[in-house]
Protein chains: 2
Amino acid sequence: MRYSHKLSDAVHILAYIEIYHEGDLSSTAIAQSIESNPGLVRRLMAALRSAGLLATQQGTATPTLTRAPAAISLLDIYRAVEPDATLLHVDDKTNPQCIVGGNIQDTLRVAYDQVQRAAEDQLAAITLASLIADIWHRQHEKERGDA
Amino acid sequence: MRYSHKLSDAVHILAYIEIYHEGDLSSTAIAQSIESNPGLVRRLMAALRSAGLLATQQGTATPTLTRAPAAISLLDIYRAVEPDATLLHVDDKTNPQCIVGGNIQDTLRVAYDQVQRAAEDQLAAITLASLIADIWHRQHEKERGDA
DNA sequence: CTTGTTGTTACTTAAAAAGTAACATGATTG
DNA sequence: CAATCATGTTACTTTTTAAGTAACAACAAG
């Protein structure tokens, strides 16, 4: 609610579809896992579909990934669901008559682009496959701990 | 939520104080350069002061940097003005009964931390001095172009 | 045909940032 | 000292974006 959880929820959806691919993949079932509502799930799935990451069929709860999880990066998902994919934002209303106000926008844009690139490089290095593997790893550790 | 310009405005303030250190450094003058209002400027200056980056004296418009611009990084400023300095946010309301919902929070936290570190390394590599130099550079190019 | 699901859109609510205003406190100057 | 101006601080309003909610058409399957 406060900050955007769209990336987190989108990863959740994709991981859910992979892990429960034999089970109920309805937006209602996924929404229960996210503790959210089916409308939000369907909206995120629409964004993932537009980005070419997900295939769906209207009327049936049969979503499938279009690529192997190892070929889907966090950056792919991030760009799919965040319309404004920039992490830092320049104040685009500064006084052009002032030495600072007249130049700082371009100055900061270059600086922020460098930060953005560093973050995106890291996002690109993390695959959905590695996230799913980590989820399984944590799950197995829990089950071992319970025994 | 609106996008935050606090980092951009805070850099603006510090650059302004350096570049116009002989001129009018009142919050009103700075606010005109940002095309904002004195209250916002004073609030950001309070955050910069709390972070030890800025020294001010109540009643007088005489703010000064506590360190050389080369010793102040974008990361320093970012942490000073952004109370929640995290760029990506985990959805902390997921169903613990589900394999995905019960583990994805920790999984994503690790992944997001890696992205955060990459971004912060880049923020730390950019100094206020280099930003000010770039502002001057652009200003001089403009003046050359006008002649 | 009936039921259930997706796809889509409109609307409402919530949260964070920016804008605004007011005022106490401190400094400066005539 | 009094007037003026600046900062420091706080409360409140407005704006913006995401999440929550609801409704319904289109499609699939029994």
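Below, chains carry the letters A, B, ... as their sequence lines are ordered, and counting in each starts from 1.
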Taking B:K6's backbone N and O only, do any of them form a donor-acceptor pair with B:D9's side chain (distance below 3.5 Å, no angle check)? no
Can you check whether any acceptor in the base of D:dT21 is under 3.5 Å from a donor in the side chain of A:R43, or vice versa? yes
Distances under 3.5 Å between protein N/O atoms and the N/O atoms of nucleotides 28-30 of chain C, please, pair by pair.
none

With a 4.5 Å limit on heavy-atom distance, are the side chains of B:Q116 and B:L88 in contact? no
Under a plain distance cut-off of 3.5 Å, with no hydrogens placed, do B:H89 and B:D84 share a side-chain donor-acceptor pair? yes
A:H12 side chain to A:S33 side chain, donor-acceptor N/O pair below 3.5 angstrom: yes
Apply the side-chain contact (heavy atoms from CB on, under 4.5 Å) test between B:E141 and each candidate in B:E143, B:Q139, B:H137, B:R138; give the one that qualifies. B:H137
Check if the side chain of B:R49 and the base of D:dG8 share a donor-acceptor pair of N or O atoms closer than 3.5 Å. no
Between B:T62 and A:P38, who's closer to the 5' end of DNA chain D by nearest nucleotide? B:T62
Which of residues 94-105 of chain A have a heavy atom under 4.0 Å from DNA chain D? none
Sorted by number, the residues of residues 12-26 of chain B with heavy-atom contact under 4.0 Å to DNA chain D: B:L25, B:S26
Separation of C:dC23 atom P from B:Q58 atom CD, nearest Å, is 17 Å
Nucleotide D:dA18, atom C1' - distance to CG of A:L44 in whole Å: 11 Å
Quickly work out the A:R42 CZ to D:dA18 P distance and round it to whole Å. 20 Å
In whole Å, I'd like the distance from the CE atom of B:M45 to the C1' atom of D:dG8. 11 Å
When you compare the side chains of A:Q105 and A:T94, does any donor N or O come within less than 3.5 Å of an acceptor on the partner? yes
Donor-acceptor pair between B:E82 and B:S4 side chains, under 3.5 angstrom: yes
Checking all strands, does A:T28 fall into the base, sugar-phosphate, or nothing category for heavy-atom contacts under 4.0 angstrom? nothing
Just the rounded figure in Å: distance from P of C:dA17 to NZ of A:K93. 18 Å
For the residue pair A:W136 and A:H140, does the interplanar ring angle fall in the parallel (under 30°), tilted (30 to 60°) or perpendicular (over 60°) class? parallel
In terms of side-chain heavy atoms, does A:D134 have a donor or acceptor partner in B:T107 at a distance below 3.5 Å? yes
Any side-chain donor near an acceptor of the partner, B:T62 and B:T60, under 3.5 Å: yes
Distance in angstrom units between A:I34 CD1 and D:dA18 C1', rounded: 15 Å
Does the side chain of B:S8 come under 3.5 Å of the side chain of A:Y112 through a donor N or O and an acceptor N or O? yes
At less than 4.0 Å, is any side-chain N or O atom of B:S27 found next to OP1 or OP2 of D:dT7? Yes or no. yes
Could you tell me whether the side chain of B:R2 has a donor or acceptor atom within less than 3.5 Å of a complementary atom in the base of C:dG19? no
Nearest-angstrom distance from the residue atom CG of A:L7 to P of D:dA19: 11 Å
For B:A46 and B:Y3, find the nucleotide of DNA chain D closest to each by heavy atoms; which residue's nucleotide sits nearer the 5' end? B:A46
Return whichever of B:E82 or B:G39 has its heavy-atom-nearest nucleotide of DNA chain C closer to the 5' end. B:E82
Send over the distance from A:N37 CG to C:dC11 P, rounded to a whole Å. 18 Å
Please report the interatomic distance CG(A:L128) to CD1(A:I135), rounded to the nearest 0.5 Å. 8.0 Å
